[in-house]
Amino acid sequence: MPSEIAARLIPWYAREQRDLPWRAPGFGAWGVLVSEFMLQQTPVNRVIPLLEAWLERWPTPTALAADAPAEAVRQWANLGYPRRALWLHRAAVEIRDRHDGVVPRDVDALLALTGIGDYTARAVATFAYGDRHPVVDTNTRRVIARAVHGRAQPGPPHRRDLDDMEALLPEGDDAAAIVNAAAMELGAVVCVARTPRCDVCPLLDICAWVSEGRPETPDLRRRQAKYEGSDRQARGAVLRALRESGSLPQQAVIGDWPDRLQRDRAILSLLDDGLIEAEDGALHLPR
DNA sequence: AAACCGTGGCC
DNA sequence: TGGCCAAGGTT
């Protein structure tokens with residue numbers, strides 16, 4: 001018995017879905033996988049141009065695995081969270097070595113790849129291969145928090161989020177994939193975080209939050225740390241310098257950074273992550 | 001399991 | 001202006 005929510009989402013999605021590259025028929029599991037890496041905590045509009053350049057350069061996992069990690073980190077450009085570039089390269093090597101160069105379909109096999117967690121594994125299995133799994137991202141969690149639980153905002157991510165989504169899925173694989181995508185889409189364009197567009201929401205008259213008068217609920221989400229002046233900002237500056245220069249003497253890397261200790265901390269943590277390497281007193285991207 | 005990890009746009 | 005937010009994952 002399909003949920004009422006699914007029954008509303010399916011026709012709405014057929015009508016309103018955005019035309020995004022990874023939704024094109026035949027986009028392929030590798031394309032979907034790369035898109036999901038890039039979309040982790042990064043807005044759609046910033047991903048699209050970089051995704052297309054990436055897939056043009058590396059049309060298969062094996063092609064990426066044949067290049068040095070440095071190339072992946074450089075191609076990642078300013079997408080942010082550059083560890084994702086390194087992890088995507090590692091995943092490509094793992095796919096080549098453990099799966100004959102074919103992106104796995106099995107959720108547990110996907111979860112075993114570097115940089116892939118609960119969301120990305122199920123997104124690939126569902127959207128690239130059409131299998132039936134609950135796919136839960138931040139948009140879906142917000143839609144469920146409001147429409148099902150009557151809360152203004154979701155709590156911190158939890159494993160029971162998967163059960164909440166499972167309860168909304170129709171039986172058939174294809175319909176289940178559509179409902180997963182539709183819940184994400186609704187959260188992305190209608191049931192947005194700050195000012196939800198309830199006037200155009202297909203769930204308006206069955207939404208628990210709306211029916212309870214849109215109560216304010218305690219916001220249990222953790223606040224994001226300030227970026228200005230942070231170690232992350234220093235790491236970003238170091239990496240940008242090395243992306244642009246290839247290799248630099250260690251003292252020359254952001255040599256004018258105001259906080260000397262912070263600069264050294266950034267370099268050490270980047271070395272520790274494998275995002276940079278040291279050789280003969282110079283730093284460079286990982287070969 | 002709480003903290004950490006980039007970057008840019010928006011109001 | 002500055003805090004919020006963005007298709008998360010790892011340790």
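Comment: A:R8 engages A:E4 in a salt bridge, judged by a side-chain N to carboxylate O separation of less than 4.0 angstrom. Contact check on A:R122 versus A:D118 returns a salt bridge, with a Lys/Arg side-chain nitrogen under 4.0 Å from an Asp/Glu carboxylate oxygen. No salt bridge links A:R146 with A:E212; every basic N to acidic carboxylate O contact stays at or beyond 4.0 Å.
Note on A:R23: a base of the nucleic acid sits closer than 4.0 angstrom, heavy atoms only. A:W87 comes within contact range of the sugar-phosphate backbone alone, with a heavy-atom separation under 4.0 Å but no base atom that close. Residue A:L20 is classed as a base contact, given a heavy-atom separation below 4.0 Å to a base. Backbone-only engagement by A:P82 is indicated by non-hydrogen atom pairs under 4.0 Å involving sugar-phosphate atoms exclusively. Residue A:I116 is classed as a sugar-phosphate contact, given heavy-atom separations below 4.0 Å to backbone atoms only. Using a 4.0 Å heavy-atom distance criterion, A:D118 is classed as a sugar-phosphate-only contact.
Side-chain contact check for A:Q40 and A:R84: no donor-acceptor pair (N or O, by modelled atom type) lies under 3.5 Å.
Residue A:R83 places none of its side-chain N or O atoms closer than 4.0 Å to OP1 or OP2 of C:dT10. For A:T120, a side-chain nitrogen or oxygen approaches OP1 or OP2 of C:dG9 to under 4.0 Å. Residue A:Y227 places at least one side-chain N or O under 4.0 Å from the OP1 or OP2 atom of B:dT7. The side chain of A:N78 places an N or O atom within less than 4.0 Å of a non-bridging phosphate oxygen (OP1 or OP2) of B:dG8.
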Which atoms of nucleotides 4-6 of chain C (N or O only) lie under 3.5 Å from a protein N or O atom, and what are those distances?
unit_1	atom_1	unit_2	atom_2	d
C:dC4	OP2	A:R223	NE	3.4
C:dC4	O2	A:R194	NH2	2.3
C:dC5	O4'	A:R194	NH2	3.1
C:dC5	N4	A:Q224	OE1	2.6
C:dA6	OP1	A:R142	NH1	2.8
C:dA6	N6	A:Q224	OE1	3.2
C:dA6	N6	A:Q224	NE2	3.0

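Within 6.0 Å of CG on A:D205 lie more than 12 heavy atoms contributed by other residues, nucleotides or ligands. Crowding of A:R15 atom CZ: a count of heavy atoms from other residues, nucleotides or ligands under 6.0 Å exceeding 12.
For the P atom pair drawn from C:dA7 and B:dC5, the interatomic distance equals 22 Å after rounding to whole Å. B:dA1 and C:dA6: their P atoms are spaced 24 Å apart (whole Å).
The side chain of A:R243 has B:dT7 as its nearest neighbour among B:dT7, B:dC5, C:dA7.
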